[in-house]
Protein chains: 2
Amino acid sequence: MVRQRIEIKKIVNVTARQVTFSKRRRGLFKKAKELSTLCDAEIALIVFSSTGRLFDFSSSSMGQVIERHNQQTENLIQLNQPSLELQLDNSASAIAIKEVEERTLELRRLRGEELHGLGLDELKKLEKTLEGGISRVLKTKSEMFEKEIAALKRKMGSDIGQTHEQGQSSDQSIITTTNNGSSAAAPPQDYDSSDTYLKLG
Amino acid sequence: MVRQRIEIKKIVNVTARQVTFSKRRRGLFKKAKELSTLCDAEIALIVFSSTGRLFDFSSSSMGQVIERHNQQTENLIQLNQPSLELQLDNSASAIAIKEVEERTLELRRLRGEELHGLGLDELKKLEKTLEGGISRVLKTKSEMFEKEIAALKRKMGSDIGQTHEQGQSSDQSIITTTNNGSSAAAPPQDYDSSDTYLKLG
DNA sequence: CTTTCTATATATAAAGG
DNA sequence: TCCTTTATATATAGAAA
């Protein structure tokens with residue numbers, strides 16, 4: 001990257017590799033610290049050199065960040081590592097853990113997080129699932145709005161046409177959000193089969 | 001660090017913070033990957049944005065690196081209690097099963113299936129998650145297309161001796177147009193009344 | 001939140017201690 | 001492995017889309 005661009009592949013010369021490791025490791029940790037400070041992010045960074053030496057950094061506590069990571073990704077196994085072997089022998093436990101992992105991966109993918117290994121077909125399938133999900137969520141939401149509106153109308157009818165202030169700020173957002181989600185008036189471009197995603201606006 | 005040196009302290013302006021986070025996060029992950037490749041280092045990097053989104057990278061497997069880290073730092077203890085194997089297994093099993101249930105429910109909700117008990121806020125949150133997911137899925141998909149196109153152009157160029165100007169990656173069109181025509185992932189629920197929410201528009 | 005552009009601040013490859 | 005120095009490759013602040 002400097003006097004001569006280096007290719008990003010393993011440096012064969014051992015000495016050069018160590019030197020580069022030293023310098024880049026420092027830079028990396030510096031950047032990590034800056035990011036956590038500047039943007040109020042929670043960061044954990046663990047680095048093992050090729051010689052096995054450990055370097056780490058955590059904006060809060062390493063265990064805390066790792067635990068939070070586990071909660072999101074739920075690689076669960078982490079939590080049980082002391083008795084991992086024993087647990088793997090236990091069929092019920094092993095099965096359950098496997099299930100958790102499967103579902104966790106699927107969840108992450110639905111959140112758009114673990115997409116890199118996927119092929120085109122899988123991405124399309126994901127897309128379709130997401131479109132279906134959002135469609136139903138929007139539908140449910142609008143049903144709630146309709147009920148609310150109906151209830152409000154009943155109330156107004158039973159009153160004498162007076163203005164009331166009981167309306168939460170929610171009803172304003174109701175209208176906005178609903179409009180947003182249901183812009184079916186102007187169909188986008190061409191689609192051959194799917195019509196669901198137009199609801200995304 | 002550029003037109004004006006910035007102080008390394010929390011950026012108060014929310015928008016500015018997000019932008020900086022986005023850019024620096026990318027830089028950080030890039031550096032981490034380069035270091036692991038160049039120097040054959042084992043790296044785990046976990047970042048939570050201030051809004052709670054997770055980003056992570058691991059040169060091998062996250063669990064593997066974390067476990068190695070734990071071994072070095074001796075963070076973990078437990079399992080000292082002999083004769084508790086059965087209990088551990090049982091509790092692990094119970095925990096895992098509970099996790100499976102939680103994740104299954106979340107999955108179903110993302111698929112738009114188990115929405116009835118939810119309140120407005122939860123629906124909105126779901127919607128946001130789904131939109132984020134689909135956005136990233138589409139982005140990933142279009143990136144694949146772009147790569148493919150670029151590869152094809154290179155090929156054509158070397159075959160015919162033509163020069164091609166790929167220009168900017170202005171393929172927003174791909175994203176919007178790219179809805180598939182294949183892969184039928186049968187959506188679980190009925191669509192017949194799926195236009196209900198349009199009435200509010 | 002992501003990305004583009006541009007002007008500059010940083011990081012770092014090389015080489016030598 | 002760690003510190004220089006120097007010349008150059010990258011990263012990124014700010015503004016805007």
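By convention in this document, chain letters (A, B, ...) are assigned in the order of the sequence lines, proteins followed by strands, and residues within each chain are numbered from 1.
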Looking only at the side chain of [X] (C-beta and beyond, no hydrogens), which of the listed nucleotides [options] gets closest?
| X | options | answer |
| --- | --- | --- |
| B:Arg53 | D:dA11, D:dT1, C:dT2 | C:dT2 |
| B:Thr51 | C:dC1, C:dA13, C:dT10 | C:dC1 |
| B:Arg24 | C:dC1, C:dT10, D:dT12 | D:dT12 |
| B:Arg5 | C:dT10, D:dA13, D:dT10 | C:dT10 |

When all nucleic acid strands are considered with a 4.0 Å heavy-atom cut-off, which category describes B:Arg17: base, sugar-phosphate, or nothing?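 The residue B:Arg17 makes no contact with any strand.
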Remember a base hit wins even if backbone is also touched, and classify B:Thr20 as base, sugar-phosphate or nothing at under 4.0 Å, heavy atoms.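 If one applies the 4.0 Å heavy-atom cut-off, B:Thr20 turns out to touch the sugar-phosphate alone, with no base involved.
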Shortest non-hydrogen contact from B:Lys10 to A:Asp40?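 The pair with the smallest heavy-atom distance is NZ-OD2, 3.3 Å.
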Rounded to whole Å, how long is the line connecting atom [atom1] of [X] with atom [atom2] of [N]?
| X | N | atom1 | atom2 | answer |
| --- | --- | --- | --- | --- |
| A:Glu7 | D:dA9 | CD | C1' | 16 Å |
| A:Gln18 | C:dA13 | CD | P | 15 Å |
| A:Phe21 | D:dT1 | CZ | P | 7 Å |
| A:Leu38 | D:dT12 | CG | P | 10 Å |
| B:Ile8 | D:dT12 | CD1 | C1' | 11 Å |
| A:Leu28 | D:dA11 | CG | P | 12 Å |
| A:Ile6 | D:dT8 | CD1 | P | 17 Å |
| B:Lys30 | C:dT12 | NZ | C1' | 13 Å |

Do [X] and [Y] come close enough that some side-chain heavy atom pair is under 4.5 Å?
| X | Y | answer |
| --- | --- | --- |
| B:Ile46 | B:Leu54 | yes |
| A:Val19 | A:Lys23 | yes |
| A:Lys125 | A:Asp121 | no |
| A:Leu123 | A:Glu127 | no |

Spell out yes or no: do the side chain of A:Lys23 and the base of C:dA13 have one donor N/O and one acceptor N/O closer than 3.5 Å?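 Looking at the base of C:dA13, it does pair with a donor or acceptor on the side chain of A:Lys23 (distance under 3.5 Å).
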Given the structure, check if the side chain of A:Lys31 and the base of D:dA11 hold any donor-acceptor pair shorter than 3.5 Å.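 Counting by modelled atom types and ignoring angles, no donor-acceptor contact under 3.5 Å is found here.
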Under 4.0 angstrom between B:Thr15 side-chain N/O and C:dC1 OP1 or OP2: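 The answer is no; no side-chain N or O of B:Thr15 sits under 4.0 Å from OP1 or OP2.
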OP1 or OP2 of C:dT2 less than 4.0 angstrom from a side-chain nitrogen or oxygen of B:Lys139, does that happen here?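 No, B:Lys139 has no side-chain N/O under 4.0 Å of OP1/OP2 on C:dT2.
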Donor + acceptor pair across side chains of A:Arg111, B:Thr129 (<3.5 Å):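 B:Thr129 and A:Arg111 do not have a side-chain donor-acceptor pair below 3.5 Å.
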A:Arg68: salt bridge (Lys or Arg N to Asp or Glu O under 4.0 Å) partners, not counting sequence neighbours: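 Partners of A:Arg68 by the salt bridge (Lys or Arg N to Asp or Glu O under 4.0 Å) criterion, ordered by chain and then number, come out as A:Glu42.
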Set of residues satisfying ring pair (Phe, Tyr, Trp, His ring centres under 6.0 Å) with respect to A:Phe21, sequence neighbours excluded: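 Partners of A:Phe21 by the ring pair (Phe, Tyr, Trp, His ring centres under 6.0 Å) criterion, ordered by chain and then number, come out as A:Phe55.
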Between B:Arg26 and B:Val19, name the one whose nearest nucleotide on DNA chain D is closer to the 5' end.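 Result of the comparison: B:Arg26.
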Pairs under 3.5 Å (Watson-Crick or G-U), crossing ones as [ ], inter-strand ones as |: DNA chain C comes out as .||||||||||||||||
